[in-house]
Number of protein chains: 2
Amino acid sequence: MADRPRASRAGHNPSLADVAALAGVSRGTVSNVLNHPGIVAPSTLERVQNAIATLGYVRNDAARALAAGKSKSIGFVSTNIENSLFVDMIHGAQSGSRDANMTILIGNSADDLAQQNAYLDLFDEARVAGVLLAPMEDPTDGIKRMRSHGRQLVLLNYRPHDHDCCVVLVDNEQVGYLAARHLIDRGCTRLVYLASHENWQPVHYRRLGVRRAVAESGGTVTLQEVDKEQLDFANGAEYAAQFLLEPTATRADGVVAVTDELANGFMDGVVRGGLSVPRDVAIVGCENNRAAPRGPVSLTTVEMNGEAMGLAATSLLIEEISVPADEHEHRVVMLEPVLVPRASTFGTYLGADSSP
Amino acid sequence: MADRPRASRAGHNPSLADVAALAGVSRGTVSNVLNHPGIVAPSTLERVQNAIATLGYVRNDAARALAAGKSKSIGFVSTNIENSLFVDMIHGAQSGSRDANMTILIGNSADDLAQQNAYLDLFDEARVAGVLLAPMEDPTDGIKRMRSHGRQLVLLNYRPHDHDCCVVLVDNEQVGYLAARHLIDRGCTRLVYLASHENWQPVHYRRLGVRRAVAESGGTVTLQEVDKEQLDFANGAEYAAQFLLEPTATRADGVVAVTDELANGFMDGVVRGGLSVPRDVAIVGCENNRAAPRGPVSLTTVEMNGEAMGLAATSLLIEEISVPADEHEHRVVMLEPVLVPRASTFGTYLGADSSP
DNA sequence: CTGAAAGCGCTTACAG
DNA sequence: CTGAAAGCGCTTACAG
C-alpha cells in the first residue's frame with residue numbers, strides 16, 4: 001500500500017504497468033483493453049477498467065506512437081487564421097477527421113515562411129499521420145522536405161509546380177471570371193481589376209478570369225488593371241482616394257477587387273467620398289470572408305467554400321495514409337466557386353440585400 | 001552499401017542509430033550533438049552533422065519525449081478561433097513561447113464542450129509541457145482532470161470558482177463600466193444593456209459594470225436590461241426591429257451591447273430603419289473584434305487586449321513548468337480594458353472617426 | 001570528450 | 001483469452 005502510485009504527483013503519472021499490477025494482469029492485456037476491448041474477457045475488462053479509473057490512468061501518447069509506429073494526429077499548417085477562409089478550411093478538416101477518429105492539430109504560420117517551416121518540422125518530428133498545408137509562397141522546399149521523409153502531405157489552395165502531392169484547389173480563374181462576368185451582366189462597361197503584383201497565385205489566376213470575361217464581351221467592355229502594394233483595407237481606401245479624382249464620365253463603373261478586404265476598403269473610401277454604391281460604381285470582392293457583408297454596403301463576392309476544401313483535403317490525406325505508397329496516385333481536386341450577390345452590385349444600402 | 005537506410009522510404013525514416021553507424025560514433029554521441037552540441041569535439045560534431053544531412057535524419061519526437069520525459073509543446077485549447085479575440089490570444093501565446101523555444105499547438109473546440117474535452121485529453125495524452133485554456137462554460141471538470149494528472153494549466157478569460165490554477169483575465173466589470181460611462185459622458189441619459197442570460201461570465205461582469213456607471217449618475221440616468229437568446233448579429237438586428245417601434249421620446253439614446261457582433265447587428269438594423277447613429281442612438285460594443293469598425297458606422301468598443309492575455313498566460317505557464325510544484329503559487333493576472341472611441345458615439349458616418 | 005547500458009511507456013506478434 | 005518478451009527510437013547518468 002505504501003508505494004501505490006499517486007495519480008496526483010506532477011511529472012509522475014501512473015503507467016500502464018501500474019494499471020496491470022493493480023488489476024493483476026499483464027501489460028499486454030491492459031494494452032488490449034485500451035486498443036481491442038472486443039477480444040478481452042468481460043470480467044478482465046471490468047477489472048482493468050476499474051484499475052484505470054481508480055488510478056486516473058492516462059495513456060502516454062508518445063510511448064503509444066513510438067511502439068505502434070503511427071500517430072492519430074494530423075497537422076494543419078495554415079497561412080493565417082485571421083482570414084476566415086482558413087478558419088473554414090480548419091472546420092472542414094476537423095469534421096473530416098472526426099469520422100476517421102483522428103485529431104487536427106493547428107499550426108498558425110501567421111503569414112511567416114519561417115514559422116511555416118518550423119511547424120512543418122515540428123509535425124515531421126512528431127511523426128504525425130499526415131500534414132495539411134495551406135501555404136505561403138513559396139512552399140516548395142518545405143513540401144520537398146516532407147515528401148523526402150516519406151511524410152504524407154496534402155496542399156490546399158496552392159497549385160504546385162510539380163505534382164508530387166495531392167492538391168485541393170478552388171478554380172481561381174473561375175473566381176475572377178464570375179466576378180467580372182457578374183459586373184458585365186449588371187451593365188458595367190468600364191471595369192477595374194484591383195489587385196497586386198503576382199507574388200500570390202490567386203491574384204494571377206483571378207486576373208486571367210477577369211480578362212476572359214472582358215474578352216467575351218467582344219470589345220464593348222474595357223479593363224484597367226490596378227496593382228497595389230498590399231491586399232488590405234488601407235490599400236483599397238488608398239485607391240478610392242485616387243478614384244475619386246478621376247473624371248466621372250470616364251472612370252470605372254465596376255470594380256473587381258481580388259480580396260474582400262481590399263474591396264471593403266475601396267467601398268469605404270468611395271462612400272465616404274460621397275459616391276453611391278452600386279449606382280456610381282459596383283463592387284465585387286473575392287473569397288466571401290466573414291467580414292464581407294459588413295461594409296457600408298453589403299459586399300457581393302465569390303465564395304471559395306473553404307469548409308469543402310478542408311473536408312476534401314482531409315479525405316485525400318486519410319486515403320493516402322491508409323494505402324501503401326505505391327498504390328497511391330496523387331490527385332488534384334478542383335472545386336467550383338460560387339457568386340454571392342449582395343447589395344454592392346444590386347441596389348443601395350437601404351434596399352434589399354440580393355434582389356435586383 | 002546495399003542496406004544503407006533509405007531516407008525516402010515512407011514509414012521508415014532513418015533513426016539516430018543509422019546516423020551513429022554512418023558517422024562511426026555511439027548513439028549517445030549523436031544525441032549529444034542534437035541536444036548539447038557544445039560538449040562534443042568539433043571534428044566529431046562535423047562528422048555527425050554530415051551523417052545527419054546525408055541521411056535526411058529527422059528526430060523522432062515521440063521517442064525524444066518518452067526518453068526525456070518532457071515535451072517542448074504547449075497545447076492551446078481555444079473556444080472559437082472565429083472570434084478574433086481568441087486569435088489575438090493565440091498570437092500572444094505564440095510570441096511568448098518563441099523565446100522559451102516552445103511551440104504552440106492549437107486545438108479549436110469550436111464552442112463545443114465535447115471537443116474542448118477531447119483536445120484536453122489529447123494534450124494530456126501527449127504529455128505536453130502545459131496547457132492554455134480559453135474555455136467554454138463550464139470547464140471545471142476538464143480543469144480538475146488536468147490538474148489531478150499533474151498537468152500544468154493556465155486559464156484565459158474565465159474566472160474559476162476555486163483557484164487551483166493560474167488565471168489571466170480582463171476586468172470585465174470595468175469593460176461594462178467604461179462602455180456605459182462613455183455613453184453617459186457623451187450625454188446619454190436612457191441606457192440599454194443589450195446582452196443575454198447569464199450563462200457566459202462576461203455577460204454577468206459587464207452587466208455589473210454598466211450598473212455601477214449608471215448608479216454613479218445618481219439617478220439622472222436610467223438603465224433597461226434587454227436579454228436576447230444569442231449574442232450574434234441576427235439577435236442585434238432583431239432587437240433593432242423592436243427598438244424602431246418604441247416612441248422616439250422615451251426610447252434609449254445609448255446602447256451598450258455585450259459583444260461587437262450584437263452591437264453591429266443592432267446598428268445595422270437601426271440604420272436600415274432610418275435612424276442616425278449616434279445622433280438618434282449611440283452604440284458601444286465590447287471586445288474590439290476585427291469586424292467592429294466595419295459596420296455602417298464605425299463601432300466604439302472596449303479593447304480586451306487578447307494578445308497581452310496570451311502573452312501573460314504563456315509567461316505564467318512557462319514559469320509554473322520550470323519550478324517545482326511545491327514552490328509554485330497560482331496567480332491571477334487581471335488586465336485593464338481600454339475604451340476605443342469611434343464614430344458610433346462620436347459623429348456621423350461621413351464625419352471623422354474619433355473626434356467629438 | 002565518448003561509449004555501453006539501462007530505461008522511458010507503450011504495442012505487437014507469438015505461444016499457449 | 002492471456003502472458004512473456006522483444007522492440008519502437010530516443011536520453012541520461014555513469015564510467016573511463
Side-chain angles (χ1 to χ4, degrees), chain A residues 5 7 9 11-49 51-52 55-72 124-129 149-150, chain B residues 5 7 9 11-49 51-52 55-72 124-129 149-150:
Chain A
R9 223 265 231 70
H12 179 99
N13 297 303
S15 71
L16 179 145
D18 296 326
V19 174
L22 182 58
V25 298
S26 75
R27 293 175 305 159
T29 297
V30 177
S31 177
N32 278 145
V33 349
L34 254 23
N35 302 306
H36 314 284
I39 70 166
V40 9
S43 68
T44 314
L45 193 68
E46 197 190 326
R47 210 142 32 91
V48 172
Q49 283 168 338
I52 288 174
L55 251 28
Y57 169 71
V58 175
R59 183 220 264 112
N60 182 324
D61 188 63
R64 201 215 93 258
L66 179 58
K70 63 191 176 209
S71 160
K72 303 292 282 174
D124 200 9
E125 292 192 357
R127 302 287 192 273
V128 292
H149 299 162
Chain B
R9 224 264 232 66
H12 179 98
N13 298 302
S15 72
L16 179 145
D18 297 325
V19 174
L22 182 59
V25 298
S26 75
R27 295 177 304 160
T29 298
V30 178
S31 177
N32 277 145
V33 350
L34 255 24
N35 302 307
H36 313 284
I39 70 166
V40 9
S43 67
T44 313
L45 192 68
E46 197 189 324
R47 210 141 34 92
V48 173
Q49 281 168 339
I52 288 175
L55 252 27
Y57 170 71
V58 175
R59 184 220 263 111
N60 182 323
D61 189 63
R64 201 215 94 259
L66 179 59
K70 63 192 175 209
S71 159
K72 303 292 282 175
D124 200 8
E125 292 192 356
R127 303 286 192 273
V128 293
H149 299 161

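Sequence lines set the chain letters: A, B, ... in the order given, protein chains first and strands last, and positions in each chain run from 1. Only this structure's heavy atoms are used, side chains among them; waters, hydrogens and symmetry mates stay out.
Here A/V25 lies in heavy-atom contact (under 4.0 Å) with sugar-phosphate atoms only. Residue-level contact check: B/N35 touches the backbone only, with heavy atoms under 4.0 Å from sugar-phosphate atoms and none from bases. Nucleic acid contact class of B/G28 (heavy atoms, under 4.0 Å, all strands): base. Among the protein residues, A/R59 comes within range of the sugar-phosphate backbone only, with heavy atoms under 4.0 Å from sugar or phosphate atoms but none that close to a base.
Going from atom CG of A/L22 over to atom OH of A/Y57 covers 13.5 Å, rounded to the nearest 0.5 Å. Between the CG atom of A/N35 and the CZ atom of A/R64 there is a distance of 7.5 Å, given to the nearest 0.5 Å. B/R127 CZ to A/N13 CG: the interatomic distance, rounded to the nearest 0.5 Å, is 4.5 Å. Taking OG of B/S26 as the start and CG of B/N32 as the end, the distance is 8.0 Å to the nearest 0.5 Å. Between the OG1 atom of B/T44 and the CD atom of B/Q49 there is a distance of 10.5 Å, given to the nearest 0.5 Å.
Counting all heavy atoms, side chain and backbone alike, A/A62 lies closest to B/A65 at CB-CB, 4.2 Å.
Between the CZ atom of A/R127 and the C1' atom of D/dC8 there is a distance of 11 Å, given to the nearest Å. Atom CG of B/D18 and atom P of D/dG9 are 8 Å apart (whole Å). Separating the CD1 atom of A/I39 from the C1' atom of C/dT12 is a distance of 11 Å, rounded to the nearest angstrom. Atom-to-atom, CG of B/L34 to P of D/dT12 comes out at 11 Å; the value is rounded to the nearest Å. Across the protein-nucleic acid pair, B/N13 atom CG and D/dC10 atom C1' stand 14 Å apart, rounded to whole Å. Separating the NZ atom of A/K70 from the C1' atom of C/dC10 is a distance of 13 Å, rounded to the nearest angstrom. One atom, CG of B/L16, and another, P of C/dG3, lie 12 Å apart when rounded to the nearest Å. Rounded to whole angstrom, the span from the CG atom of A/N60 across to the C1' atom of C/dG7 amounts to 13 Å.
Nearest-nucleotide mapping onto DNA chain C: of B/G24 and B/A67, the residue sitting toward the 5' end is B/G24. Nearest-nucleotide mapping onto DNA chain C: of B/L66 and B/S43, the residue sitting toward the 5' end is B/S43. Along DNA chain D, the nucleotide nearest A/T44 and the nucleotide nearest A/R27 are compared for position; the residue whose nucleotide lies closer to the 5' end is A/T44. Taking for each of B/A62 and B/H36 the nucleotide of DNA chain D with the nearest heavy atom, the 5'-most of the two is the partner of B/A62.
Side-chain nitrogen and oxygen atoms of B/T29 include at least one within less than 4.0 Å of the OP1 or OP2 phosphate oxygen of C/dG3. Remark: A/S26 is not in phosphate contact with D/dA4, judged by side-chain N or O atoms under 4.0 Å from OP1 or OP2. Checking the phosphate oxygens (OP1, OP2) of D/dG9, no side-chain nitrogen or oxygen of B/S15 falls inside 4.0 Å.
Under the Watson-Crick or G-U wobble criterion, with both distances below 3.5 Å, C/dA4 has no partner in any strand shown. Base pairing of C/dA13 is not made with any nucleotide, judged by Watson-Crick or G-U wobble geometry with both donor-acceptor distances under 3.5 Å.
Picking from D/dG9, D/dT2, D/dT12 the nucleotide with the shortest atom distance to the side chain of B/A68 gives D/dT12. Minimum atom distance to the side chain of A/A63 is reached by C/dC10, of the listed C/dC10, D/dT2, D/dC10.
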